[in-house]
Structure formats: C-alpha cells, structure tokens
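Shown next, in structure tokens, is the structure this report addresses.
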Amino acid sequence: MTSSSESARATNQPMPREEALSLSDQQWKERLSDEAFQILRQAGTERPYTGEYWDTELAGTYSCRACGTELFSSDTKFDARCGWPSFYAPTDNDQIRYVEDQSMGMTRVEVRCANCESHLGHVFAGEGFDTPTDLRYCLNSLSLDLTKSDN
C-alpha cells in the first residue's frame, strides 16, 4: 500500500495540505536533506552564489521542494545579480503566503509556500528592476525543485 504523498508524487501532484501540515519536524527531517530542512522548515538562508538555480536559464516550472506545489515559472525568472534565484511574480499568488519578518534588525516580507508553510525566501519591492511588477522574489535554491519543460 502506498501513502497519499507517494501516490501524489507518482502523479506529479503536490502533497495534500492536510498531510503537509500534519507532519512533525522528525517526519520533515526524514523527507528532506539537512540543508533543505534548515531552510524550508527553520527559515534558514543558503549562501549567495552557491545554490543550484541562482543562475540557471533552463525553461520550466519551480515547485516547493517540501510538498511539490507549483510556485514560479522560468518565464518570470530574472538575473537580479544577488546570488539567489529571483522571480518577479508567482504562477498563482494564492500559492504564496506572505509573513512580516522583523529578524536581522529590519522589516522584510517572508515568502512561504501556502500549502505546507515552508520558508522559501523574501520578496522585495521598489528596487527598480525592469520587470512588470517591480518585485523581486529572492528565493533559496534548496526551497525549490525545477521541472524542466520539453521546449
């Protein structure tokens, strides 16, 4: 017998929200690498210019590494010269949860996966990038999985 998360992965569907929210820290640790757990479940940050996707130009869809929810398209990815993958808009704003973050002596907006509440990174506005939204979703590569498109 397979669990609902195993069958969801087999059909390329995200983990159901109820299941994602019911997992303990120990269960997340069993599913994620130590580094991914530290970022996704403990709001950590990877060092700039070290992540798998900071400079990739491959076409595809970026999903939450923890639960598989589709979050961003490569069509909205741009080079912000910051060392982390940057996007100007999510594929569906309902898939993102925004949380005020007052850590590190400043106020920022944390970006979380709305399905599993995993930390993805932060969003910044008004930085002057030539994008349709003037937003920069600055994300950790370890919080994402890229599904390459066939193009």
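Hydrogens, waters and symmetry mates play no part in the numbers below; they use all other heavy atoms, side chains included.
In this structure, CZ on R41 lies 11.5 Å from NE2 on H119, to the nearest 0.5 angstrom. The CD atom of E57 lies 8.0 Å from the CG atom of D79; values are rounded to the nearest 0.5 Å. Distance check: S74 OG to K148 NZ gives 12.0 Å after rounding to the nearest 0.5 Å. Between L139 atom CG and C82 atom SG the span is 9.0 Å, to the nearest 0.5 Å. Once rounded to the nearest 0.5 Å, the distance linking CG of L32 with CG of D25 reads 10.5 Å. Atoms OG and CG, on S143 and L71 in that order, are 8.0 Å from each other to the nearest 0.5 Å.
Two residues are said to be in side-chain contact when any heavy atoms from C-beta on lie closer than 4.5 Å; S63 and P14 fail this criterion. Looking at L120 and I96, their side chains come closer than 4.5 Å, going by heavy atoms from C-beta outward. With contacts defined as side-chain heavy-atom distances shorter than 4.5 Å, the pair M15/R31 qualifies. Proximity of R108 to F124: side-chain heavy atoms (C-beta onward) are separated by under 4.5 Å at one or more points. Between R136 and S86 the shortest side-chain heavy-atom distance falls below 4.5 Å. Within the 4.5 Å cutoff, no side-chain heavy atoms of W54 are placed close to those of P48.
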Mind running side chain to side chain contact (heavy atoms under 4.5 Å, CB included) on D92 and E70 for me, showing each step along the way? CA-CA 8 Å; D92 179 348; E70 181 180 311; over 6 Å; no

Verdict with reasoning, E19 to R17, per salt bridge (charged side-chain N to carboxylate O under 4.0 Å, His left out): CA-CA 5 Å; E19 181 180 352; R17 179 173 170 74; over 6 Å; no

Test side chain to side chain contact (heavy atoms under 4.5 Å, CB included) on I39 and E46; report intermediate values, then the result. CA-CA 7 Å; I39 288 168; E46 64 194 6; 3.8 Å; yes

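Checked against a 6.0 Å centroid threshold, the rings of Y137 and F72 count as neighbours. The six-membered or imidazole ring of Y53 lies near that of Y62, with a centre-to-centre distance under 6.0 Å. Residues F78 and F129 bring their aromatic ring centres within 6.0 Å.
Between the side chain of T69 and the backbone N or O of C64 there is no donor-acceptor pair closer than 3.5 Å. Side chain of T131 to main chain of D134: a donor-acceptor pair is present (N/O by atom type, distance under 3.5 Å, no hydrogens or angles).
Side chains of R112 and S118: a donor-acceptor N/O pair is absent below 3.5 angstrom, by distance only.
Residue L135 is grouped with residue V111 when hydrophobic side chains (ILVMFWY) are merged at heavy-atom distances under 4.5 angstrom, including chains of intermediate members. F37 and L21 fall into different hydrophobic clusters, defined by Ile, Leu, Val, Met, Phe, Trp and Tyr side-chain heavy atoms under 4.5 Å apart, directly or through other members. Linking Ile, Leu, Val, Met, Phe, Trp and Tyr whenever their side-chain heavy atoms come within less than 4.5 Å puts Y98 and F87 in one cluster. Linking ILVMFWY residues whenever their side-chain heavy atoms come closer than 4.5 Å, directly or via other members, places L40 and L23 in the same cluster.
Nearest heavy-atom pair across P85 and K77 is CB-CE, 4.1 Å. For the pair W28 and A20, the tightest heavy-atom approach, listed with the atom from each and the gap, is CZ2-O, 3.5 Å.
Each of D101, N140, T45 was checked for a side chain to side chain donor-acceptor pair (under 3.5 Å) with H122, and the lone residue meeting it is D101.
The number of heavy atoms from other shown groups lying within 6.0 Å of CG (N93) is above 12.
E117 meets the side chain to side chain donor-acceptor pair (under 3.5 Å) test with R97; sequence neighbours excluded.
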